[in-house]
Protein chains: 2
Amino acid sequence: MPTIDRSDGRPYYRQIADDLRRRIIQGQYGPGDQLPSERVLTEDYETSRLTVRQAIGLLRTEGLLLAEHGRGLFVRAAVPVQRLARTRLDRAQRQAGAGAFQTDAQRAGFQPSVDVDVYSATADARIAELLQVSTGSRLIVRERLMMADKVPVQLSTSWLPAELAAGTRIELRDTGPGGIYARLEEKGHLLARFTESVRARMPSQDEASALRLAVGTPVLAVTRTAFDQHGRPVETNDMVLAADRYELTYEFSAD
Amino acid sequence: MPTIDRSDGRPYYRQIADDLRRRIIQGQYGPGDQLPSERVLTEDYETSRLTVRQAIGLLRTEGLLLAEHGRGLFVRAAVPVQRLARTRLDRAQRQAGAGAFQTDAQRAGFQPSVDVDVYSATADARIAELLQVSTGSRLIVRERLMMADKVPVQLSTSWLPAELAAGTRIELRDTGPGGIYARLEEKGHLLARFTESVRARMPSQDEASALRLAVGTPVLAVTRTAFDQHGRPVETNDMVLAADRYELTYEFSAD
DNA sequence: AAGTGGTCTAGACCACTAC
DNA sequence: TAGTGGTCTAGACCACTTT
């Protein structure tokens, strides 16, 4: 029977969280199962509702529990994870037609859709360094919200030096078959190399609502830069991915 | 002056959080600065302390604020980020002497130290698949807690088929110069290739306390598998990194 | 000793979901 | 309509840090 040890040094809400966490891990409550309501837990643990809510808040930020207003508390079920492999950027993949996101989504059985916004801007310090241009240089910026079966799953912002995009479909919403990389190669910038840097953090308010993230879901922030055959950076790209829906994979030689 | 709009649809605590967030982003409170105390904020916003604490809790899980018991509320300062590049696993690096962590830490100006635990176990389904052995096979497991200037920064667990480690220093706490990869190569398993998969999630209770993570800090979970010249997996490794202290970088060709 | 954040109580009413 | 989680009040005492 669940109770609180009033002489235990731990605060009550931690004892409750530890107890519920143990039950979940041991399988007493499985993925998708409903927990007793907050009021029932309050009676079970002989405490106040706020204390129970503190415990539940802890398990929510740990990503273990999901609260649904008017319905109840549920053990969070694992989401099918989409794997993003390095090979999504191989030339063969790029030339196959659509962009990387479309290809991935369709292979995984999702119906992809994209909202695009294109505008011009000037380079701040960070983008200037990534693209090896001067701060204040003119850029084309492409912001995209990618959806799988109409569920937002990925934010992406691309920056390109304005003169590389000038007069191409990169300046339009629809960049045509193969996406911006195909347009760059048509212009003589053969893509030679990518760098990617990966970080994780909690989402901003805007990202959380755009991606409809549950409390306790971090994001993966990936910055990719594309270099042409002369070693010149031709595009850089910030991707924000819901961490519970994506896995990134890389492969490299040991030499 | 800060106040709450009682007719605004948003809950009070969100209005307060939005207001404080705006002030932080606009620079009214810079990194490391102290905010007014909870009781002062309660008066400023003309509400109850719990409502202020809810707002602060939001900003803490977003990673914007840090609360220090008995001291006050502070804007979280950016931590110096350690970059983990693919090249940390190059043969030249590995043969230079110490393991990857020691090399990285010393280059970054930290004094590295490591707690190690070595024991034998049997393969569960996941490890069996990664190492391409049968479930239940005998393994050597090496658990490590890495510290930089005595601050825990990284957890690492390695699994190797028992027969590859048998009779080598891989079974000991101190594996000798070059670490386990050097011992494997001495035994004729030349390392050819690594795969890494990267995910992000909120830490478990154990990880949070082992790595001394602040509320609102996710972890990067990296699984690396090493393959020998015959394509056989010889080791697999789970790394858990504090996301606010690490950045992973990768580089690959566009072909 | 004074000020800070951390924990806790015993209520109340609102918003949402299901029957 | 009943049950659920979400928000809010007005207190109280504890644990920690600083002076």
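Remember, predicted model here, so these are calculated numbers, not experimental data. Order of the sequence lines fixes the chain letters, A, B, ..., with proteins taken first and strands second; residue numbering starts at 1 for each chain. These numbers come from the heavy atoms of this one structure, side chains and all, not from hydrogens, waters or symmetry mates.
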Collect all protein-nucleotide pairs involving nucleotides 15-19 of chain C in which both atoms are nitrogen or oxygen and the distance is under 3.5 Å.
from	atom 1	to	atom 2	distance (Å)
C:dA15	N3	A:His69	NE2	2.8

> Residues in side-chain hydrogen bond (donor to acceptor under 3.5 Å, both in side chains) with A:Glu129, at least two apart?
Replying inline: none

> Residues from residues 56-65 of chain A sitting under 4.0 Å of DNA chain C, heavy atoms only?
Replying inline: none

>> My understanding is that only residues two or more places apart in sequence, or in another chain, count here; which of them pass side-chain hydrogen bond (donor to acceptor under 3.5 Å, both in side chains) with B:Arg199?
In response: none

> First and last nucleotide of DNA chain D in contact with chain B, 5' to 3', at under 4.0 Å to a heavy atom: what are they?
Replying inline: D:dT7 to D:dT18

> Which residues pass the side-chain hydrogen bond (donor to acceptor under 3.5 Å, both in side chains) test with B:Arg126, sequence neighbours left out?
Replying inline: B:Thr223, B:Asp238

> If you measure only the distance, is there a donor-acceptor pair under 3.5 Å linking the side chains of B:Glu196 and B:Tyr250?
Replying inline: yes

> Which residues in residues 209-217 of chain B have at least one heavy atom lying under 4.0 Å from any atom of DNA chain C?
Replying inline: none

Residues 239-246 of chain A, side-chain donor-acceptor partners within the protein, below 3.5 Å, at least two apart:
from	atom 1	to	atom 2	distance (Å)
A:Arg245	NH2	A:Pro152	O	3.3
A:Arg245	NH2	A:Leu211	O	3.1
A:Tyr246	OH	A:Gln154	OE1	3.2

>> Around atom CZ of B:Arg212, are there more than 12 heavy atoms from other residues, nucleotides or ligands closer than 6.0 Å?
In response: no

> For A:Asp206, which residues count as a side-chain contact (heavy atoms from CB on, under 4.5 Å) partner, sequence neighbours excluded?
Replying inline: A:Ser204

>> Taking side-chain hydrogen bond (donor to acceptor under 3.5 Å, both in side chains) as the definition, give me every residue that meets it alongside A:Gln34, ordered by chain and number, with sequence neighbours left out.
In response: none

> Taking only residues two or more places apart in sequence or in another chain, which ones pass side-chain contact (heavy atoms from CB on, under 4.5 Å) with B:Thr175?
Replying inline: B:Arg142, B:Ile180

>> Counting only heavy atoms from other residues, nucleotides and ligands, does the tally under 6.0 Å from CD of B:Glu43 exceed 12?
In response: no

> Starting at the 5' end of DNA chain C and moving along, which residue's nearest nucleotide shows up first, A:Arg14 or A:Arg39?
Replying inline: A:Arg14

> Heavy atoms, side chains only, cut-off 4.5 Å: are B:Ser156 and B:Asn237 in contact?
Replying inline: yes

Kindly list each side-chain donor-acceptor pair under 3.5 angstrom involving residues 112-123 of chain B, sequence neighbours excluded, with atom names and distances?
from	atom 1	to	atom 2	distance (Å)
B:Tyr119	OH	B:Glu143	OE2	2.6

